[in-house]
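Take a look at the structure set out below.
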Amino acid sequence: MSPKLLLSDVSISSAVLPVTVCMVLVVVVVMVVVVVIVVEVVVRRRRPKPSVLANSDPSPSPRATSCVSPSQERVFVSYSAHSTSEEKDRVMNDLISKLEKYGINTSSHDFLVQRGEMAYRLEEEICQSSVVLCVCNKSFFEEWNGNTPLPQASTLVYIKSLLAADLQNGKDISKYAVVLLEKGDAHYIPTHYLSSCKQFYISDTEDIVRFIQAEDCTRLGVTVV
C-alpha cells in the first residue's frame, strides 16, 4: 500500500472524528433538554393548586371567606313603608350602611325611588339580587297581610308574589332571610312564606355577612374553603 493512500485514510478519519463528537454532543444536549421539560411538567402537575379563596393577608378579614368580588354580591333589603322614622333609621344605619362597609352592594325600595325608578324595576331588582333581607316588624306584618293601605310600588307585594310562585313550583327560597329589629318580633314573621328562612337580629352583622357570602358562593357554584 502506497504512503499516499495511508495519508489519505488518516486525513478522512481525522475529519470524521470531530463530526461524530459534535453529533454525540447534540444528542446529549437534546436529551438533557427533554428530561428537564418532562421533570418540569411532572412537578407542575403534582404541585397543589392554590385555593380560589386564598387570601395573601394572613390576618383575619371580614371577607376572608368570600368567593366573589364585592360588586357581585347584590342584596335587596325589604321593609315596610309604614315603618316609623326610627325603624327606618335603624335599617339604614345598623343594616344597610354596615353591609356596605363590607363592600356588599345593597339596595332597597327607597334607593330605587331616589333614582327615579319605580315599580317596573322592583321585580327585576329582587330577582337579580343574590340575597333578599326582609325586615319583619309589626308594620311589615300588617302590610304583608293587607291590613294597611299599600304604598305605591310596595316591595312586599312583589316578594310575596315571587315567594308564592317559588313555593308552588318547589323552587329553592334560601336566598330570602328575615331580619328582626327586636327580640320579640319573631311573631311578625309571615308563617307560610318566611318562617322556614334563615333569621337574624339586626345586630348580627357578621352572621348576616357570612350568610350573604355563602349564598353568593352557592349561586356561583363555588365551594367555600
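FYI, side chains are in, hydrogens and waters are out, and symmetry mates aren't considered; it's all heavy atoms of this structure.
Side-chain contact between Tyr79 and Glu87: absent, with no pair of heavy atoms (C-beta onward) separated by less than 4.5 Å. Side-chain contact between Asn105 and Val75 is absent, with no heavy atoms from C-beta onward closer than 4.5 Å. Side-chain contact between Leu95 and Thr205 is absent, with no heavy-atom pair separated by less than 4.5 Å. Within the 4.5 Å cutoff, side-chain heavy atoms of Ile159 are placed close to those of Cys134. Side-chain contact between Ile189 and Cys136: present, with at least one pair of heavy atoms (C-beta onward) separated by less than 4.5 Å. When side chains are defined from C-beta on, Leu163 counts as touching Tyr176, because their heavy atoms get closer than 4.5 Å. For the pair Ser107 and Arg74, the minimum side-chain heavy-atom distance is 4.5 Å or more. Inter-residue side-chain proximity for Asp94 and Asp89 is flagged as unmet; no heavy-atom pair is nearer than 4.5 Å.
When all heavy atoms of Thr148 and His82 are compared, the closest pair comes out as OG1-CD2, 3.5 Å. Closest non-hydrogen pair, Glu100 versus Thr106, comes out as OE2-O, 3.8 Å. For the residue pair Thr155 and Ser78, the shortest heavy atom distance occurs at OG1-OG, 3.1 Å.
For residues 180-200, every residue pair satisfying the salt bridge (Lys or Arg N to Asp or Glu O under 4.0 Å) rule, not counting sequence neighbours, is listed here: Arg90-Glu182. Legend: ring-ring contact (aromatic ring centres under 6.0 Å, His included) pairs involving residues 125-147, not counting sequence neighbours, sorted by first then second residue: Phe140-Trp144, Trp144-Tyr193.
Of the N and O atoms on the side chains of Ser139 and Asn137, not one donor lies less than 3.5 Å from an acceptor on the other residue. For the residue pair Ser80 and Glu143, a side-chain donor N or O sits within less than 3.5 Å of a side-chain acceptor on the partner.
Not one N or O on the side chain of Asn145 forms a donor-acceptor pair closer than 3.5 Å with the backbone of Asn147. A donor-acceptor contact shorter than 3.5 Å is absent between the side chain of Asp204 and the backbone of Phe200. Within the 3.5 Å criterion, the main-chain N or O of Cys127 finds a donor-acceptor partner in the side chain of Lys175.
Residues Tyr188 and Val157 fall into different hydrophobic clusters, defined by Ile, Leu, Val, Met, Phe, Trp and Tyr side chains chained together at heavy-atom separations under 4.5 Å.
Here the straight-line distance linking atom CG of Leu194 with atom CD of Gln199 works out to 9.0 Å at 0.5 Å rounding. If you take NE2 on His192 and CG on Leu167, they are separated by 5.5 Å, rounding to the nearest 0.5 Å. The structure places OG of Ser196 at 4.0 Å from CD1 of Ile173, a figure rounded to the nearest 0.5 Å.
Contacts of Asp207 classified as salt bridge (charged side-chain N to carboxylate O under 4.0 Å, His left out), with partners at least two apart in sequence or in another chain: Arg210.
For Glu142, the CD atom is densely surrounded, since the number of other residues' heavy atoms within 6.0 Å is greater than 12. Atom NZ of Lys88 has more than 12 heavy atoms from other residues, nucleotides or ligands within 6.0 Å.
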